[in-house]
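This report refers to the structure that appears directly beneath it.
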There are 2 protein chains.
Amino acid sequence: MSQTDEILDTLRQRGYRITAQREIVVEIISEAEHHLSAEEIYQELETRTPGANISTVYRTLEVLWEEGLTCRNDLSEGKIVYATREHGPHIHLVCRRCNYVIEAEPEVLNQLSEVLLANYQFRADLDHLSIFGLCEQCEDDPRVEDPHNKQSQSTRR
Amino acid sequence: MSQTDEILDTLRQRGYRITAQREIVVEIISEAEHHLSAEEIYQELETRTPGANISTVYRTLEVLWEEGLTCRNDLSEGKIVYATREHGPHIHLVCRRCNYVIEAEPEVLNQLSEVLLANYQFRADLDHLSIFGLCEQCEDDPRVEDPHNKQSQSTRR
DNA sequence: TCCCTTATTGCAAATAATTGCAATAAGGGA
DNA sequence: TCCCTTATTGCAATTATTTGCAATAAGGGA
């Protein structure tokens, strides 16, 4: 069964109604090579079947995320991005200074996952986690001179 | 030296200008008992010195966060909330289904912190991390019946 | 297959957050 | 202390996301 159908089936089993809009949104995310913003998904939806509304896209994405069927990440791109949980998986180390994103192995979180479950009975979504912090370059930067580093910020890499 | 002055001093040392607006925003966050939204900070700023603009608040909060002087969290409250890093510290386990938040000990992340630094040269901000997932109740919920659980959702706890 | 219940949608309005730009003012140097 | 540079602000407009509500339609039952 395809990725798309698996997700739709899960939704159906959980009592959600399968609408044309939801089908296509799931299809778009499943087929995507990389993560997509709500706006991008809406644009693609428009080309496939015009007439839908972007609030439907937002609501569909919310359902998919709440049901654990997609991941949703703030990668400092100015908007939230979405992808299937099969995409990747990797955790995102996002530099809060230069916005550079390092993709890290999710295995580093295995122990944490167990601890949170054992100590807090919390089943954490750790594949695709976003963690903010400082990359090596920003950590080493002498802060006093050019603290905002506007020029090199965008072209640092 | 007070919390407020420490933060302002750090900003000054890093080349930022200390404006009246920034002073008060830092003061408000430092004195706060709990995390605050940008809007709440703006309201408080208005009572202390009217005339400032909320975009200044947003920009100040961005600087403070980028400089590692405050934490910024999405706790599923519909808006981002801010607090000093001294507040707490604790990590937030946010249930993606019922929005319940468990406050967990940051110590569970000690090992992760070391691994990220050693393997990726990334200095992660792990105190005050938000992690989404499922709480015990939502994990155990039979999904097929009443998947949205609207009634009990808000009153579950 | 048709009908009924009610989840879902489209729309418009509201809220949250960001941004461009001209005016202002912080802080270093003379 | 005054001046100059330029970071920061206020304002208005823009973008991102959410929400209330009436109309629509999915899916189960007769």
Side-chain angles (χ1 to χ4, degrees), chain A residues 8-9 11-26 36-43 45-46 49-67 72-82 99 143-151 153-154, chain B residues 8-9 11-26 36-43 45-46 49-67 72-82 99 143-151 153-154:
Chain A
L8 292 174
D9 251 40
L11 284 181
R12 210 181 334 253
Q13 281 166 30
R14 294 183 185 173
Y16 291 93
R17 295 183 182 174
I18 305 306
T19 64
Q21 295 90 328
R22 284 183 174 168
E23 268 189 46
I24 301 181
V25 167
V26 169
L36 297 170
S37 68
E39 177 67 28
E40 288 169 327
I41 293 167
Y42 171 68
Q43 294 300 339
L45 175 58
E46 270 303 285
T49 58
N53 193 279
I54 196 165
S55 66
T56 299
V57 173
Y58 275 106
R59 283 188 277 227
T60 299
L61 292 171
E62 192 186 8
V63 165
L64 291 171
W65 178 73
E66 265 188 41
E67 293 300 326
R72 137 194 279 202
N73 280 93
D74 175 3
L75 301 180
S76 276
E77 296 180 359
K79 60 198 70 164
I80 305 296
V81 291
Y82 299 83
N99 294 338
R143 294 310 194 77
V144 180
E145 304 142 22
D146 187 12
H148 314 106
N149 202 10
K150 292 303 183 200
Q151 325 68 285
Q153 191 173 75
S154 47
Chain B
L8 292 173
D9 250 39
L11 284 182
R12 212 180 334 254
Q13 281 166 29
R14 293 183 186 173
Y16 291 93
R17 294 181 183 175
I18 307 305
T19 65
Q21 297 90 328
R22 282 182 175 169
E23 268 188 46
I24 302 181
V25 168
V26 170
L36 297 170
S37 68
E39 178 67 29
E40 288 169 326
I41 293 168
Y42 171 69
Q43 294 300 340
L45 175 59
E46 270 303 284
T49 58
N53 192 278
I54 197 166
S55 66
T56 300
V57 173
Y58 276 107
R59 281 188 278 226
T60 298
L61 292 171
E62 191 186 10
V63 165
L64 291 171
W65 177 73
E66 266 187 39
E67 291 300 327
R72 139 193 278 201
N73 280 93
D74 175 2
L75 301 180
S76 277
E77 296 181 359
K79 59 198 70 161
I80 304 297
V81 292
Y82 299 82
N99 294 338
R143 296 310 196 78
V144 180
E145 305 141 22
D146 188 12
H148 314 108
N149 204 9
K150 291 303 183 200
Q151 325 68 286
Q153 190 172 77
S154 44

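Every chain is numbered from 1 and lettered A, B, ... according to where its sequence line falls, protein lines coming before strand lines.
Between A:Tyr82 and A:Arg12, the one whose closest nucleotide on DNA chain D sits nearer the 5' end is A:Tyr82. Take the nearest nucleotide of DNA chain C for A:Arg59 and for B:Tyr58: the residue whose nucleotide is more 5' is A:Arg59. Two residues, A:Ala38 and B:Thr60, neighbour DNA chain D, and the one matched to the more 5' nucleotide by heavy-atom proximity is B:Thr60.
The residues B:Lys79 and B:Glu39 are annotated as not salt-bridged, no charged nitrogen and carboxylate oxygen being separated by less than 4.0 angstrom.
Between A:Gln21 and C:dG10, a side-chain N or O to OP1/OP2 separation shorter than 4.0 Å is present. Side-chain N/O atoms of A:Thr56 include one lying less than 4.0 angstrom from OP1 or OP2 on C:dG10. Residue A:Thr19 places at least one side-chain N or O under 4.0 Å from the OP1 or OP2 atom of C:dT9.
Nucleotide D:dA16 holds its P atom 8 Å from the CD1 atom of A:Ile54, rounded to whole Å. For the pair B:Leu75 CG and C:dA16 P, the interatomic distance rounds to 15 Å; values are reported in whole Å. One atom, CG of A:Leu36, and another, C1' of D:dA16, lie 16 Å apart when rounded to the nearest Å. A straight line from CD of B:Glu77 to P of C:dA16 spans 12 Å, rounded to a whole angstrom. Going from atom CD of A:Glu40 over to atom P of D:dT15 covers 15 Å, rounded to whole Å. For the pair B:Asn53 CG and D:dT14 P, the computed distance is 16 Å after rounding to whole Å. Following rounding to the nearest Å, B:Asn73 (CG) and C:dA17 (P) show an atom-to-atom distance of 13 Å. Note: CG (B:Leu61) to C1' (C:dA16) measures 13 Å, nearest angstrom.
Judged by Watson-Crick or G-U wobble contacts below 3.5 Å, the nucleotide C:dA16 has D:dT15 as its partner. For C:dA23, the paired base is D:dT8 (Watson-Crick or G-U wobble, both distances below 3.5 Å). Using the Watson-Crick or G-U wobble rule with both distances under 3.5 Å, C:dG28 pairs with D:dC3.
When heavy atoms are screened at a 4.0 angstrom cut-off, A:Ile80 is found touching the sugar-phosphate backbone but no base atom. Backbone-only engagement by B:Arg22 is indicated by non-hydrogen atom pairs under 4.0 Å involving sugar-phosphate atoms exclusively. B:Ile18 comes within contact range of the sugar-phosphate backbone alone, with a heavy-atom separation under 4.0 Å but no base atom that close. Looking at heavy-atom distances under 4.0 Å, A:Ser37 makes no contact with the nucleic acid at all.
When side chains are defined from C-beta on, B:Val63 does not count as touching B:Arg59, because their heavy atoms never get closer than 4.5 Å.
Closest approach of A:Leu8 and A:Arg22 over heavy atoms only: CD2-O, 4.3 Å. Residues B:Ala52 and B:Tyr42 share a closest heavy-atom pair of O-CE1, 3.5 Å.
Ranking D:dA7, D:dG27, C:dG10 by closeness to the A:Arg17 side chain, first place goes to D:dG27.
Looking at B:Arg12, its side chain never comes within 3.5 Å of a backbone N or O of B:Ile18 through a donor-acceptor pair.
One finds the CD1 atom of B:Ile54 at 9.5 Å from the CD atom of B:Glu46 (value rounded to the nearest 0.5 Å).
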